[in-house]
K.L.:
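Below is a structure I'd like to ask you about.
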Amino acid sequence: MDFYMRLPRNHREFVLFLLIVSLISVNLIAPLISMFELGFSFEVWQNTLRVLPFIWLAVVSLVILTQKPSGKLKDLIVHPKDSFRAQITINILCNVFLMSFFITLIGAWIGEGAIH
């Protein structure tokens with residue numbers, strides 16, 4: 001039963017999760033935030049494309065680094081006998097919370113080109 005309560009269950013599911021999170025985060029969120037802040041123009045889009053590889057590396061690293069802490073945070077919130085849906089929902093929310101917290105800081109550092 002413990003096998004079915006853990007996600008991702010194997011390396012293939014982990015890679016799929018990593019690709020989905022990183023592609024959504026990097027290719028949609030970063031350019032949209034930049035364009036809302038600086039205006040919708042071709043130059044802003046080009047400047048955003050220059051930093052996307054660095055942001056992608058940060059996102060992939062953070063996904064790997066936040067897996068265990070988000071699992072521990074999830075264990076504090078849900079009971080081990082709670083349903084699979086409750087377990088996975090809280091796990092996703094904990095992952096998103098930690099990723100959002102860290103990428104807000106690191107994304108600003110990458111975009112500005114300096115650590116403040």
K.L.:
Please tell me if the side chains of M35 and T48 come closer than 4.5 Å, counting only heavy atoms from C-beta onward.
P.N.:
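The answer is no; the side chains never approach within 4.5 Å.
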K.L.:
Do I110 and L52 sit in the same hydrophobic cluster, where Ile, Leu, Val, Met, Phe, Trp and Tyr count as joined when their side-chain heavy atoms come under 4.5 Å apart?
P.N.:
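Yes, same cluster.
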K.L.:
Mind listing the closest non-hydrogen atom pair of K74 and I90 along with its distance?
P.N.:
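Heavy atoms only, the tightest pair is CG-CG2, 3.8 Å.
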K.L.:
How far apart are the closest heavy atoms of A58 and I106, and which atoms are they?
P.N.:
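Scanning both residues, the minimum pair turns out to be CB-CG2, 3.9 Å.
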K.L.:
So, the side chain of N27 versus the backbone of I24: is there a donor-acceptor pair under 3.5 Å, distance only?
P.N.:
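Checking the backbone N and O of I24 against the side chain of N27, no donor-acceptor pair under 3.5 Å is found.
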K.L.:
Considering only heavy atoms from C-beta outward, does the side chain of S41 approach that of V44 to under 4.5 Å?
P.N.:
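Contact flag for S41/V44 side chains = yes.
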K.L.:
Looking only at atom types and distance, does a side-chain atom of S70 sit under 3.5 Å from a main-chain N or O of Q67, one as donor and one as acceptor?
P.N.:
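Side chain of S70 to backbone of Q67, a donor-acceptor pair under 3.5 Å: yes, one is there.
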K.L.:
Look up atom NE2 in H79 and atom CD in Q87, then write down how far apart they are to the nearest 0.5 Å.
P.N.:
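One gets 10.0 Å once the value is rounded to the nearest 0.5 Å.
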K.L.:
Can you name the nearest heavy-atom pair linking W56 to V26, along with the distance?
P.N.:
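Heavy atoms of W56 and V26 come nearest at CA-CG2, 3.4 Å.
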K.L.:
Can you confirm whether F40 is buried at CZ, in the sense that more than 12 heavy atoms of other residues, nucleotides or ligands lie under 6.0 Å from that atom?
P.N.:
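More than 12 heavy atoms, drawn from other residues, nucleotides or ligands, come within 6.0 Å of this atom.
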K.L.:
Are L32 and I55 connected, step by step, through hydrophobic side chains (Ile, Leu, Val, Met, Phe, Trp, Tyr) whose heavy atoms are closer than 4.5 Å?
P.N.:
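Same hydrophobic cluster.
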K.L.:
Evaluate M99 against V59 for side-chain contact (heavy atoms from CB on, under 4.5 Å), listing each step before the verdict.
P.N.:
CA-CA 8 Å; M99 288 287 300; V59 167; 4.0 Å; yes
K.L.:
Is there a path of hydrophobic side-chain contacts, each under 4.5 Å between heavy atoms of I/L/V/M/F/W/Y residues, joining L62 to I20?
P.N.:
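No, because I20 and L62 fall into different hydrophobic clusters, even though each may have its own neighbours under 4.5 Å.
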K.L.:
Where is the tightest heavy-atom contact between A86 and D82, given as atom of each residue plus distance?
P.N.:
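So the two residues come closest at CB-CB, 4.2 Å.
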K.L.:
Using 0.5 Å steps for rounding, measure from the NZ atom of K72 to the OG1 atom of T66.
P.N.:
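Interatomic distance, K72 NZ to T66 OG1, rounded to 0.5 Å: 13.0 Å.
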K.L.:
Just to verify, which of L98, N91, L93 counts as forming a side chain to side chain contact (heavy atoms under 4.5 Å, CB included) with N95?
P.N.:
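Going through L98, N91, L93 one by one, the side chain to side chain contact (heavy atoms under 4.5 Å, CB included) with N95 is satisfied by N91 alone.
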K.L.:
Answer yes if F14 and L57 sit in the same cluster of Ile, Leu, Val, Met, Phe, Trp and Tyr residues linked by side chain heavy atoms under 4.5 Å apart, and no otherwise.
P.N.:
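Same cluster.
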K.L.:
Just say parallel, tilted or perpendicular for the rings of F42 and W45, cut-offs at 30° and 60°.
P.N.:
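Judged by the thresholds at 30° and 60°, the geometry between F42 and W45 is tilted.
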K.L.:
Is it true that V60 and W109 fall in one hydrophobic cluster, defined by side-chain heavy atoms closer than 4.5 Å?
P.N.:
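Looking at the clustering, W109 is in the same group as V60.
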K.L.:
Got more than 12 heavy atoms from elsewhere within 6.0 Å of CD, E37?
P.N.:
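Atom CD in E37 is not crowded, with 12 or fewer foreign heavy atoms closer than 6.0 Å.
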